[in-house]
Protein chains: 4
Amino acid sequence: MHHGNRHGRSEEARQAVLEAADDLLVEKGFAGLTVEGIATRAGVAKQTIYRWWPSKTEILIEAFVDDAAQYLTPPDTGDLATDLRRHLARLADFLTKTDAGAVFRALAGQAQHDPTVADRLRADHLTHQCARDSQPLLNAIARGDLPATTDVDSAVEQLVSPIYYRVLLTGEPVPRKYTNHLVTQYLSQT
Amino acid sequence: MHHGNRHGRSEEARQAVLEAADDLLVEKGFAGLTVEGIATRAGVAKQTIYRWWPSKTEILIEAFVDDAAQYLTPPDTGDLATDLRRHLARLADFLTKTDAGAVFRALAGQAQHDPTVADRLRADHLTHQCARDSQPLLNAIARGDLPATTDVDSAVEQLVSPIYYRVLLTGEPVPRKYTNHLVTQYLSQT
Amino acid sequence: MHHGNRHGRSEEARQAVLEAADDLLVEKGFAGLTVEGIATRAGVAKQTIYRWWPSKTEILIEAFVDDAAQYLTPPDTGDLATDLRRHLARLADFLTKTDAGAVFRALAGQAQHDPTVADRLRADHLTHQCARDSQPLLNAIARGDLPATTDVDSAVEQLVSPIYYRVLLTGEPVPRKYTNHLVTQYLSQT
Amino acid sequence: MHHGNRHGRSEEARQAVLEAADDLLVEKGFAGLTVEGIATRAGVAKQTIYRWWPSKTEILIEAFVDDAAQYLTPPDTGDLATDLRRHLARLADFLTKTDAGAVFRALAGQAQHDPTVADRLRADHLTHQCARDSQPLLNAIARGDLPATTDVDSAVEQLVSPIYYRVLLTGEPVPRKYTNHLVTQYLSQT
DNA sequence: GGGTAAGCGAGACGGTACGTCAAGTCTTCTG
DNA sequence: CAGAAGACTTGACGTACCGTCTCGCTTACCC
């Protein structure tokens, strides 16, 4: 076991903390997620956590960002409709069915209570996510399949916001049928 | 002064608690909102709160529901475009600029952590709010301004979800211009 | 059921309270004896208790005094040794084996914490008990079996205090053999 | 300032708690002695108290035992009468006039309500006190001033129980004259 | 024999202290 | 010198009773 060394932080401890946080969130929910619990589960001293993360939400963000980037890289098939359908379907599954999705919902929830969490979430995730969501449209524009004047931001909002609405508020499922419908609706608009 | 009687609970105390909860949420945020704080501010015993509310979120819901119903009653001018523009603008203002809106954001946040809060929020507010959001469209259908086959639920989601997306996630302002744009986009769709 | 009348307290309620207090003390001990518990058990309103007794110890004293007077009336056989043996044996049994004895120990305990309880216990019980303890000796003096100069108070202290010492402090049993020994010791002294 | 370390508990905190408990008992009596009060007075967190003591009576016992051992060490002058007179007088003063005596009375009181307190008081104090009370007699036997057949336990009970009787029940003072009388009476018995 | 007032049950109220939990800080020792 | 261990202060939690206060019902007396 690692017990500290004189050459910088322990990557071992870092990983253990991130995984413990993820696991515990899924197991017990955000309310049951405590720094002490993470420390115990990770086999790490509380102080080690406080040394490197200002709060338990920062741990979750750090654990979450990579997952999101990895899972939500948009496809590029050369066909806008296909790209959008796949991307939205994947986004919906990510948010509703994966552990990382549970972490996202917890973070989005905490962001309502704590502006610093909101800021971190936007800076470290949402902007990147927005960029990923835009990619299929930008590709289409580059291919000439969409006019260069297309309002990409607006289009992204139109496409993804109903998904978040269901995920964060109504709790309704977000089936493929529904995400496909969103794409169809958007494409038929022009 | 009132100190209890056999007719059941003290309306005085109930009001004091609801107001104190609202005030403290706005003042200190959800994290700083404690049952003890509410009790002190309301001039009420902690036990009185626990006697009538199972948690601090239930207090907020009770305090919130009436406000929402009151503030968000949709207009009925006889013109769909006008009704929708006014209603969305009012919704956006409610969510972003009023104290009750702050309460809503806190509740929506807490709903991500606690399924019972989510259920209560849906049962006591969201369903009613959905009905209110649908009203302008239903009125238009009744007038014959929209086809009877209109998918009202889908239309409502399309209209309001971008507002919630901004309110809950991006934190961007939701100006009148934006809500008007949503209406125009929806109406031009058919 | 009795629901009050215009002229004086309900004897029914009084008895119910005294019995409930006794029972609960034996069942749950003094720490578990609450006014609310007594009220519930007695089928009486808390207010009725507070109307007639200033504290729960006063209830116990009232319940106790009669029991003691009844149980501890000293015998008068015409023989000092017999009277003393019987009286001490009965006192020991009363203190260690009866419900009333448990009440006494609780009251004696509470008297250490609360001077008003101590005063009430002395005024309402101990002085009378002292008189009862002295009776066999006074009878003997009256019969001429003891000199009139006998220091009765000192004798009583010598006879009974070892019993209380065991009951209140060491917790040792106080068998007949032991009380008889006390009598023998005292009588052999002269 | 000390804020905890891995070598276990803070002796500083321990002392502060014991002294605060003693002081508060004398100041406010047992009823007014609260864990919160002790914590505040000692400048210690409530949790620290609960970490190390199961109840406030355990605090008092711990605070009391040393005091008693120190104050009540019996003399050994080589003369039984002198030893007993001095020891009983000192015991009486200890119980009636010192702060530690007040603690003892409170503990003896609580022992009537709570068997675990009774057990602790016997194990941690009474047995040792009994041994101390016996010492003068044992010394006398060793010197040959008393027959080896002397019933020491019975003698101790005879000598000290009237003192406890007055302290715990009648509340009468226990002057030197009285304790001397007890000794005289005992010695004249043989 | 109807009105009136005291005693009663019920139980909500403002409080105080309970014992628990986790937060975040600090200190010491180990590798 | 980072990390494991863990004691510390702080403060909120939810609970249990306290003693006080209506309230409406049920008598029993009194006009």
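Proteins get letters first, then strands, A, B, ... in listed order; numbering begins at 1 in each.
Annotation: salt bridge (Lys or Arg N to Asp or Glu O under 4.0 Å) contacts of C:Asp114 (sequence neighbours excluded): none. With sequence neighbours excluded, the residues that form a side chain to side chain contact (heavy atoms under 4.5 Å, CB included) with B:Gln112 are A:Arg105, A:Leu168. The salt bridge (Lys or Arg N to Asp or Glu O under 4.0 Å) test applied to A:Lys56 returns no partner, not counting sequence neighbours.
Minimum heavy-atom separation, B:Arg120 to B:Ile61: CB-CD1, 3.5 Å. Contact record, A:Val117 with A:Leu107: CG1-O, 4.0 Å, taken as the closest heavy-atom pair.
Looking at C:His113, its side chain does come within 3.5 Å of a backbone N or O of D:Ala106 through a donor-acceptor pair.
One interatomic measurement links the two molecules: CD1 of D:Ile49 to P of E:dT20, which rounds to 13 Å at whole-angstrom precision. If you measure from atom CZ of C:Arg9 to atom C1' of E:dG9, you get 16 Å, rounded to the nearest angstrom. At whole-Å resolution of the value, CH2 in A:Trp52 and P in E:dG24 are 18 Å apart. If you take CG of C:Leu24 and P of F:dC17, they are 11 Å apart, rounded to a whole angstrom. Rounded to a whole Å, the CZ atom of D:Arg51 is 13 Å from the P atom of F:dT10. If you take CZ of A:Arg14 and P of F:dG3, they are 12 Å apart, rounded to a whole angstrom. In this structure, A:Lys28 atom NZ and E:dC21 atom P are separated by 12 Å, rounded to whole Å.
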Check the interface with nucleotides 12-15 of chain F: list each N/O to N/O pair with the protein under 3.5 Å, or write none.
{"unit_1": "F:dC13", "atom_1": "OP1", "unit_2": "B:Val35", "atom_2": "N", "d": "2.9"}
{"unit_1": "F:dC13", "atom_1": "OP2", "unit_2": "B:Val35", "atom_2": "N", "d": "3.2"}
{"unit_1": "F:dC13", "atom_1": "OP2", "unit_2": "B:Glu36", "atom_2": "N", "d": "3.0"}
{"unit_1": "F:dG14", "atom_1": "OP2", "unit_2": "B:Tyr50", "atom_2": "OH", "d": "2.4"}
{"unit_1": "F:dG14", "atom_1": "O5'", "unit_2": "B:Tyr50", "atom_2": "OH", "d": "3.4"}
{"unit_1": "F:dG14", "atom_1": "N7", "unit_2": "B:Lys46", "atom_2": "NZ", "d": "3.0"}
{"unit_1": "F:dG14", "atom_1": "O6", "unit_2": "B:Lys46", "atom_2": "NZ", "d": "2.7"}

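Here D:Trp53 lies out of heavy-atom contact (under 4.0 Å) with every strand.
At the phosphate of F:dA4, OP1 or OP2 sits under 4.0 Å from a side-chain N or O atom of A:Thr48.
The side chain to side chain contact (heavy atoms under 4.5 Å, CB included) test with B:Phe30 is passed by exactly one of B:Thr57, B:Leu24, B:Val103: B:Thr57.
Within residues 106-117 of chain C, no residue places a heavy atom under 4.0 Å from DNA chain F.
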Using residues 46-53 of chain A as the side-chain source, report each donor-acceptor pair under 3.5 Å to any protein atom, sequence neighbours left out, with the distance given to one decimal.
{"unit_1": "A:Lys46", "atom_1": "NZ", "unit_2": "A:Glu36", "atom_2": "OE2", "d": "2.9"}
{"unit_1": "A:Trp53", "atom_1": "NE1", "unit_2": "A:Glu62", "atom_2": "OE1", "d": "2.7"}

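Put simply, the side chain of C:Leu33 does not reach to within 4.5 Å of the side chain of C:Lys28, judged on heavy atoms.
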